[in-house]
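Below is one structure, written out as structure tokens, with a few remarks after it.
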Protein chains: 2
Amino acid sequence: MTSTPDTAPVRRVPRPRADALRNRERIVTAAREMFVEFGPQVPYDEVARRAGVGNATLYRNFPERLDLVREVVLSLMARVTELAERATEEEADTFAALRRFTHAAADERIGALCPMLDGAFDKDHPDLTVERERLEEAVQGLVERAQRAGRLRADVGVGDLMVAVSQLTRPLPGTACVNFDQFVHRHLQLFLDGLEAPARSELPGTAATLEDLRRDSCRRS
Amino acid sequence: MTSTPDTAPVRRVPRPRADALRNRERIVTAAREMFVEFGPQVPYDEVARRAGVGNATLYRNFPERLDLVREVVLSLMARVTELAERATEEEADTFAALRRFTHAAADERIGALCPMLDGAFDKDHPDLTVERERLEEAVQGLVERAQRAGRLRADVGVGDLMVAVSQLTRPLPGTACVNFDQFVHRHLQLFLDGLEAPARSELPGTAATLEDLRRDSCRRS
DNA sequence: AAATAACCGGGGGCTCTCTCCCCGTTTGGA
DNA sequence: TCCAAACGGGGAGAGAGCCCCCGGTTATTT
């Protein structure tokens with residue numbers, strides 16, 4: 001039906017319908033929650049049900065599972081970046097800022113990112129690279145500021161912080177321990193105490209950036 | 001070998017064949033490795049292949065998956081108990097003993113126990129109870145000794161140590177990061193620095209024993 | 001407000017994986 | 001040497017998750 005006249009290719013999608021946008025957002029939110037609880041292998045249909053949409057809607061928005069995973073990761077990274085920036089701005093004490101960021105990141109269930117690194121997850125996707133740089137910049141700022149102030153030991157890097165926080169906050173699959181969160185914050189607190197200067201021991205290995213993690217973590221067995 | 005038939009008539013299995021015992025051991029070893037790498041849902045046939053036996057042999061030894069999981073858990077707990085006892089005996093410095101035990105437990109991949117707590121795992125099986133008590137006793141000794149010596153902060157318990165070590169050493173599913181081990185030991189070292197007395201901050205919540213974990217961790221969502 | 005086109009929802013077939021049994025062959029023990 | 005217990009691999013059966021189809025609904029346009 002003579003859809004596109006030669007002049008202007010008639011805005012195909014000038015504005016995706018409002019409910020479509022809303023549904024997409026609800027899907028990402030639901031997926032984030034489900035991934036945290038059950039891992040990224042959770043059935044598509046379950047995600048759709050949690051989101052309150054039909055499964056077809058999910059497939060229309062994210063034909064490939066990896067698309068959905070990437071979207072969730074991006075969403076989480078953006079939130080965590082925001083947390084880092086807020087902590088930097090609002091906390092005068094440099095180490096207090098680090099503490100605040102760490103506990104806040106834990107509440108965002110950043111540990112749920114771990115299982116998404118497996119398989120054929122495209123770590124070099126443009127969107128991811130951009131978001132990762134923003135995240136690293138924000139946290140790097142937090143770390144360096146505390147190190148310059150002599151509050152944070154000098155032999156640790158952004159990678160150490162992020163990996164350890166991720167590991168400590170990973171949910172136990174299948175079980176929903178009622179006071180697991182309490183534990184998490186205890187252990188983060190202990191870990192932070194270990195991060196504080198002056199150092200109480202010598203660390204093996206070397207400090208790592210997020211870039212190091214991206215490069216080294218994709219060796220298949 | 002004087003099968004002592006006087007009391008018990010006709011020992012059905014006076015001695016399981018030597019190769020049968022060997023195979024059973026190889027199966028448990030293979031299962032432990034596979035569970036660490038892929039989680040306890042790994043296909044039976046894969047475990048059998050890694051163990052170098054036919055799948056039927058596996059089913060003959062462990063008709064239920066939970067039997068196999070329990071055997072692996074028992075095996076790991078026994079090894080870790082041994083580590084705790086060795087560290088207690090051989091290290092004069094109380095905190096050094098704790099450090100040594102922690103790093104050794106990490107090398108045993110104690111974090112792989114986590115995914116086995118999900119679902120209908122029978123936490124009250126007699127064998128498990130016995131082994132858990134032995135483990136708790138050994139680690140409790142390590143902890144209390146360091147606390148009495150004033151080297152370990154007083155507001156932590158066995159549960160804190162075990163859970164944190166487990167979390168920090170949990171493998172990233174799917175990926176075999178080449179220098180992940182290096183990271184693990186760095187983070188354990190940092191965590192241990194946080195455990196050392198005097199305490200640098202106040203902890204939320206309360207110290208927990210292994211018994212607390214067993215009770216509280218089975219609340220389904 | 002009516003027309004229209006995009007969007008939504010859920011039911012069902014299809015495929016793929018894992019489980020578990022069957023039976024001929026091998027191997028350890030007396 | 002004899003025998004019985006244990007072994008191994010192939011394959012049928014079952015279950016779960018994936019993805020498509022099509023009638024109904026809702027937001028936008030004139």
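Lettering of chains follows the sequences in order, A, B, ..., and the numbering in each one begins at 1. Just the heavy atoms: all of them, side chains too, but no hydrogens, waters or symmetry mates, feed the values below.
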Consider side-chain contact (heavy atoms from CB on, under 4.5 Å). Of V143(A), L161(A), L195(A), which one does V156(A) pass it with?
L195(A)
Expressed as a whole number of angstroms, how long is the span from D19(A):CG to dA5(C):C1'?
13 Å
N61(B) atom CG is separated from dC7(D) atom P, nearest whole Å, by 7 Å
Rounded distance in Å - CZ (F62(A)) to C1' (dC19(D)):
17 Å
On DNA chain C, compare the nucleotides closest to A18(B) and Y59(B); which residue's is nearer the 5' end?
Y59(B)
Could you give the distance from CG (D19(B)) to CZ (R24(B)), rounded to the nearest 0.5 Å?
14.0 Å
What distance separates D160(B) CG from D155(B) CG, expressed to the nearest 0.5 Å?
8.5 Å
First encountered from the 5' end of DNA chain D, between N23(B) and D45(B)
N23(B)
Of A56(A) and G54(B), whose closest DNA chain D nucleotide lies nearer the 5' terminus?
G54(B)
Close N/O contacts between protein and nucleotides 16-18 of chain C (under 3.5 Å):
none

Between T57(A) and dG9(C), is there a side-chain N or O to OP1/OP2 distance below 4.0 Å?
yes
Interatomic distance, L21(B) CG vs dG28(C) P [rounded to whole Å]:
13 Å
Could you check E82(B) against R79(B) for salt bridge (charged side-chain N to carboxylate O under 4.0 Å, His left out), going step by step and ending with a plain yes or no?
CA-CA 5 Å; E82(B) 161 98 17; R79(B) 293 168 74 131; over 6 Å; no
Any idea how F191(B) and H187(A) line up, ring-wise: parallel (<30°), tilted (30 to 60°), or perpendicular (>60°)?
perpendicular
What I want to check is whether an N or O donor and acceptor connect the side chain of R17(B) with the base of dA6(D) at under 3.5 Å.
no
So does L76(A) get a backbone contact from the side chain of E108(A), meaning a donor-acceptor N/O pair under 3.5 Å?
no
If we count only N and O atoms by modelled type, under 3.5 Å, do the side chains of Q189(B) and R186(B) hold a donor and an acceptor together?
no
Starting at atom CZ of R49(B), determine the distance to atom P of dG9(D), rounded to an integer number of angstrom.
11 Å
Does dC8(C) have its OP1 or OP2 closer than 4.0 Å to a side-chain nitrogen or oxygen of R60(A)?
yes
Taking N and O atoms by type only, does the side chain of N55(A) place a donor or acceptor under 3.5 Å from a partner on the base of dG17(D)?
no
In whole angstrom, what separates L68(A)'s CG from dG17(D)'s C1'?
15 Å
R26(A) CZ to dC8(C) P: how many Å, rounded?
11 Å
Could you check how far CZ of R24(A) sits from P of dA27(D), rounded to whole Å?
20 Å
